[in-house]
Amino acid sequence: MELVSIEEIRDAASRIKGAAVRTPLLPQSWAPLWLKPESLQGIGAFKIRGAYNAIAALDEEQRARGVVAFSSGNHAQAVAYAAKRFGIHAVILIPDVAPRAKIEATKALGAEVIEVPIDRQESSALAVGAERNLTPIPPFDHRDVIAGQGTVGLEIAEDLPDAGVVLVPLSGGGLASGVGTAIKALLPGAKVIGVEPELAADTAEGLRAGRRIEWPMDRRARTIADGLRAQPSDLTFAHLQTVLDDVITVSEDEIRQSVRTLAHRARLIAEPSGATATAAYLFHRDELPEGKVVSVVSGGNLDPAMLAEILSD
């Protein structure tokens with residue numbers, strides 16, 4: 001299987017310029033740690049990079065038909081935002097258990113939102129797309145999406161060329177695939193480590209076994225990190241096997257504590273999915289290789305009620 005190249009990631013960086021924020025790399029005074037706050041994107045998460053790149057790479061006829069996507073929330077907002085910028089229609093299939101804040105934010109961007117059971121979102125998106133002749137924009141199983149997410153790694157390499165360890169959250173694998181590809185191409189001595197919730201650790205198990213292992217959705221849905229409940233595709237799993245040096249799993253309590261630490265110490269609002277990589281640094285530092293550590297804070301979209309609950313624990 002042909003993997004995404006650093007040239008594709010560089011092309012993506014040119015396409016998304018002006019649409020996605022080039023987020024800073026923030027050194028922390030309270031720890032030898034650098035944070036990549038994708039929570040500062042206009043839609044609150046890294047997903048804008050891949051979604052915008054994928055839509056920008058379509059030809060005019062494909063864009064004119066409109067696009068369809070499925071997502072727990074962040075990819076939904078990203079596709080809605082990119083479609084709005086291009087002036088095209090977007091239909092988004094969202095699980096009916098997704099945080100209301102993500103659902104309402106997607107609607108506010110002008111997308112047509114259809115809520116479906118969590119285990120039917122992909123099949124429903126395929127059906128709606130076929131019925132209406134819409135162009136699909138998958139959340140991770142797409143070369144242009146992976147290349148767009150890889151621009152996070154491109155920026156890390158440019159801003160901290162002596163980085164030793166890059167921590168990336170794991171779910172469908174688009175972000176880790178792209179970031180890992182960029183880091184391995186530009187900083188070959190750095191280690192790329194995926195971080196996954198213990199309650200949705202299908203990728204960790206699969207990488208140990210050398211093949212994709214599927215967990216049922218009701219098992220993965222137990223984690224508070226709602227953005228990390230997907231499973232890799234054949235395409236992303238092939239990337240992860242190539243670019244990841246290790247996978248660390250973190251507990252639900254560690255994720256919650258990391259949300260609190262990021263809020264109080266780094267002054268960043270991170271959703272549980274966005275705090276998961278930092279949890280590996282805070283609670284599993286002895287498992288990390290030597291070197292300067294970068295943690296990708298992948299998003300900050302969460303309901304105010306959940307934030308209040310976590311901060312008050």
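Side chains are part of it too, since the values below use all heavy atoms of this structure and drop only hydrogens, waters and symmetry mates.
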Could you walk me through whether Gln62 and Thr135 pass side chain to side chain donor-acceptor pair (under 3.5 Å), step by step? CA-CA 6 Å; Gln62 289 173 312; Thr135 302; 5.4 Å; no

Let me see the working for Gln149 and Asn53 under side chain to side chain donor-acceptor pair (under 3.5 Å), right down to the final yes or no. CA-CA 9 Å; Gln149 320 306 25; Asn53 185 54; over 6 Å; no

Enumerate donor-acceptor pairs with a distance under 3.5 Å from any side-chain N or O in residues 122-131 to protein atoms, sequence neighbours excluded.
| residue | atom | partner | partner atom | Å |
| --- | --- | --- | --- | --- |
| Ser123 | OG | Arg120 | O | 3.2 |
| Ser124 | OG | Arg120 | O | 2.7 |

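- A chain of hydrophobic side-chain contacts below 4.5 Å, direct or via other Ile, Leu, Val, Met, Phe, Trp or Tyr residues, connects Leu282 to Ile224.
- Under the salt bridge (charged side-chain N to carboxylate O under 4.0 Å, His left out) criterion, Asp234 pairs with Arg212, not counting sequence neighbours.
- Val91 and Ile103 fall into different hydrophobic clusters, where Ile, Leu, Val, Met, Phe, Trp and Tyr side chains are chained together by heavy-atom contacts under 4.5 Å.
- Considering only residues two or more places apart in sequence or on other chains, Glu198 meets the side-chain contact (heavy atoms from CB on, under 4.5 Å) condition with Thr249, Ser251.
- Using a 4.5 Å heavy-atom cutoff, the side chains of Arg63 and Ile55 are in contact.
- We find that Arg100 and Asp303 are not joined by a salt bridge, their nearest charged nitrogen and carboxylate oxygen being 4.0 Å or further apart.
- The hydrophobic cluster containing Ile16 does not contain Leu175, counting ILVMFWY residues as joined when their side-chain heavy atoms lie under 4.5 angstrom apart, directly or transitively.
- Under a cut-off of 6.0 angstrom, the local environment of CD in Glu287 is crowded, with over 12 non-hydrogen atoms contributed by other residues, nucleotides or ligands.
- Here the side chain of Ser39 pairs no donor or acceptor atom with the backbone of Gly299 at under 3.5 angstrom.
- Using a distance-only test at 3.5 Å, with no hydrogens or angles considered, a donor-acceptor pair links the side chain of Asn301 to the main chain of Ile43.
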Worksheet item: Could you walk me through whether Leu58 and Ile137 pass the side-chain contact (heavy atoms from CB on, under 4.5 Å) check?
Response: CA-CA 10 Å; Leu58 296 175; Ile137 306 295; 4.2 Å; yes

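- One finds no salt bridge joining Glu214 and Arg219 here, because no Lys/Arg side-chain nitrogen approaches an Asp/Glu carboxylate oxygen to under 4.0 Å.
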Would Lys36 and Ser295 count as a side chain to side chain donor-acceptor pair (under 3.5 Å) if you check the C-alpha gap in whole Å, the side-chain angles of each, and the deciding distance to 0.1 Å? CA-CA 6 Å; Lys36 182 67 168 170; Ser295 174; over 6 Å; no

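- Without hydrogens or angle criteria, Arg65 side chain to Asn133 main chain gives a donor-acceptor distance under 3.5 Å.
- Put simply, the side chain of His284 never gets that close to the backbone of Ala279: no donor and acceptor are under 3.5 Å apart.
- Among all heavy-atom pairs drawn from Arg143 and Glu2, the shortest one is NH1-O, 2.7 Å.
- Of the N and O atoms on the side chains of Glu252 and Thr223, at least one donor lies less than 3.5 Å from an acceptor on the other residue.
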| request: Could you please spell out the steps behind the side-chain contact (heavy atoms from CB on, under 4.5 Å) verdict for Ile146 and Val4? | output: CA-CA 7 Å; Ile146 293 171; Val4 170; 3.9 Å; yes

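- When the side-chain contact (heavy atoms from CB on, under 4.5 Å) test is applied to Leu311, the partners found at least two apart in sequence or on another chain are Arg260, Ala263, His264, Leu307.
- A chain of hydrophobic side-chain contacts below 4.5 Å, direct or via other Ile, Leu, Val, Met, Phe, Trp or Tyr residues, connects Leu268 to Met306.
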Worked check of salt bridge (charged side-chain N to carboxylate O under 4.0 Å, His left out) between Arg49 and Glu38: CA-CA 10 Å; Arg49 296 172 181 266; Glu38 289 296 291; 2.7 Å; yes

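- A donor-acceptor pair under 3.5 Å links the side-chain atoms of Gln41 to the main chain of Val21, judged by distance alone.
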Exercise for review: Apply side-chain contact (heavy atoms from CB on, under 4.5 Å) to Leu25 and Leu35, showing your working.
Suggested key: CA-CA 6 Å; Leu25 195 59; Leu35 298 175; over 6 Å; no

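- Under the ring-ring contact (aromatic ring centres under 6.0 Å, His included) criterion, Tyr52 pairs with Phe86, sequence neighbours left out.
- Gln231 places no side-chain N or O within donor-acceptor distance of the main-chain N or O of Arg229, the cut-off being under 3.5 Å.
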| message | Let's go through Lys191 and Asp246 carefully: what are the C-alpha distance in whole Å and the side-chain angles of both, what is the deciding distance for salt bridge (charged side-chain N to carboxylate O under 4.0 Å, His left out) to 0.1 Å, and is it a yes or a no? | response | CA-CA 8 Å; Lys191 303 297 184 183; Asp246 199 2; over 6 Å; no

Stepwise, does the side-chain contact (heavy atoms from CB on, under 4.5 Å) test hold for Leu207 with Leu244? CA-CA 9 Å; Leu207 289 172; Leu244 289 187; 4.0 Å; yes

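- When the side chains of ILVMFWY residues are joined at heavy-atom separations under 4.5 Å, either directly or via intervening members, Leu93 and Leu109 end up in two distinct hydrophobic clusters.
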Only distances under 3.5 Å count here; give the side-chain donor-acceptor pairs of residues 177-187 to other protein atoms, sequence neighbours excluded, each with its distance to 0.1 Å.
| residue | atom | partner | partner atom | Å |
| --- | --- | --- | --- | --- |
| Ser177 | OG | Gly173 | O | 2.6 |
| Ser177 | OG | Thr236 | O | 3.4 |
| Thr181 | OG1 | Ser177 | O | 2.7 |
| Lys184 | NZ | Ala190 | O | 2.9 |
| Lys184 | NZ | Asp245 | OD1 | 3.3 |
| Lys184 | NZ | Asp245 | OD2 | 2.7 |

